[in-house]
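First comes the structure, then the notes that go with it.
Residue numbers start at 1 and run along the sequence shown. When reading the values below, keep in mind they use all heavy atoms of this one structure, side chains included, and skip hydrogens, waters and symmetry mates.
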Amino acid sequence: MKNYAKPLARLINELSKLPGIGGKSAQRLAFYILAMEEKDALGIADAIVDARTNMKYCSVCANLTDTDPCRICGDPARDQSVICVVESPRDVSAMERVREFNGLYHVLHGAISPMDGIGPEDINLRQLIIRLQQNDVKEIIMATNPNIEGEATAMYTARLIKPSGIKVTRIAHGLPVGGDLEYADEVTLSKAMEGRREI
């Protein structure tokens, strides 16, 4: 980066800190930003500052929000008796895009991963238990990722909650729509068989 002026080198360096953005992509983005109309480039900068300054975690579900409680937790039309447990705020966005779920959420901000030194006390599990004690919840839907960490988190959470009498379910996993059986791995096929339903 010795060939670049300091402001450009700094911009490339900062952009390369984003996930999935390597040096070449950061360089391409930096040059694109510099070629933009000044108002558009400043609009991007202002949006970053505004989001970083004004976004916080909901005190109820721990989702990202600009109001507290968030719009989902504060919506009386949502089913208060069902909570969908997810790993990150991105998962809430994904579930909301489907428009099939009308309950509430709880964001764990991670998953149990002993290999990485992440235990139950390192994720937002304690707050979930407190929520369940304070509210009349009938069902918890575990929507953690279908990997080893997500499965461990779902199983641990289910064992923790089941004695309270609350129903704990797990989202189904299996073959994607449009997928071919021959390309599916054994775990995916196994989950697809477990999640089968009558037609």
As an exercise, state the distance from [atom1] of [X] to [atom2] of [Y], rounded to the nearest 0.5 Å.
X	Y	atom1	atom2	result
Arg28	Ile21	CZ	CD1	8.5 Å
Ile83	Asn135	CD1	CG	6.5 Å
Ile33	Leu42	CD1	CG	11.0 Å
Met142	Glu87	CE	CD	8.5 Å
Cys61	Leu108	SG	CG	11.0 Å
Thr65	Lys56	OG1	NZ	6.5 Å

Can you tell me if [X] uses its side chain to pair, donor with acceptor, with the backbone of [Y] under 3.5 Å?
X	Y	answer
Ser16	Asn13	yes
Asn145	Ala111	no
Asp68	Ser59	yes

Should Ile141 and Val85 be marked as a side-chain contact (heavy atoms from CB on, under 4.5 Å) after you check the CA-CA gap, both sets of side-chain angles, and the distance that decides it? CA-CA 6 Å; Ile141 301 170; Val85 178; over 6 Å; no
Does anything in residues 146-164 pair up under side-chain hydrogen bond (donor to acceptor under 3.5 Å, both in side chains), and if so which pairs, sequence neighbours excluded? Glu151-Arg170
Answer yes or no: are there more than 12 heavy-atom neighbours, outside Glu37 itself, under 6.0 Å from its atom CD? no
Tell me whether Ile148 at atom CD1 has more than 12 heavy atoms from other residues, nucleotides or ligands lying less than 6.0 Å away. no
Minimum heavy-atom separation for [X] and [Y], please, with both atom names.
X	Y	value
Asn102	Ala77	ND2-O, 3.3 Å
Glu139	Thr169	OE2-OG1, 2.8 Å
Ala30	Leu8	CB-CD1, 3.9 Å
Ala26	Leu15	O-CD1, 3.7 Å

Hydrophobic clusters here meaning ILVMFWY residues chained together by side-chain heavy-atom distances under 4.5 Å, can you tell me if [X] and [Y] are in one?
X	Y	answer
Ile44	Leu29	yes
Leu34	Ile12	yes
Leu160	Met155	no
Val49	Leu11	no
Leu64	Ile72	no

Let me know which of Val92, Leu128, Asn124 forms a side-chain contact (heavy atoms from CB on, under 4.5 Å) with Val107. Val92
Exactly one of Ile140, Leu104, Val137 clears side-chain contact (heavy atoms from CB on, under 4.5 Å) with Arg131, and that residue is Leu104
By the ring-ring contact (aromatic ring centres under 6.0 Å, His included) test, which pairs, at least two apart or in different chains, include something from residues 57-101? Tyr57-His109, Phe101-Tyr105
Chi angles and distances behind the side-chain contact (heavy atoms from CB on, under 4.5 Å) call for Met95, Glu100: CA-CA 8 Å; Met95 294 293 289; Glu100 290 289 322; over 6 Å; no
Decide yes or no on side-chain contact (heavy atoms from CB on, under 4.5 Å) for Arg71 and Asp66, but give the supporting numbers first. CA-CA 9 Å; Arg71 288 173 183 81; Asp66 61 340; 2.7 Å; yes
May I ask you to say whether [X] pairs ionically with [Y], meaning some side-chain N is under 4.0 Å from a carboxylate O?
X	Y	value
Asp136	Lys138	yes
Glu96	Arg78	yes
Asp46	Lys39	no

Within a strict 4.5 Å, meaning less than it, do heavy atoms of the [X] and [Y] side chains meet?
X	Y	answer
Ile161	Ile129	yes
Gln27	Tyr4	yes
Ile123	Ile112	yes

Show the numbers, then the answer: is there a side-chain contact (heavy atoms from CB on, under 4.5 Å) between Val86 and Cys84? CA-CA 6 Å; Val86 296; Cys84 181; 4.1 Å; yes
Using the rule given for side-chain hydrogen bond (donor to acceptor under 3.5 Å, both in side chains), can you reason through Asp79 versus Ser81, listing the C-alpha separation, both sets of side-chain angles and the distance that settles it, and then say yes or no? CA-CA 6 Å; Asp79 185 350; Ser81 70; 2.7 Å; yes
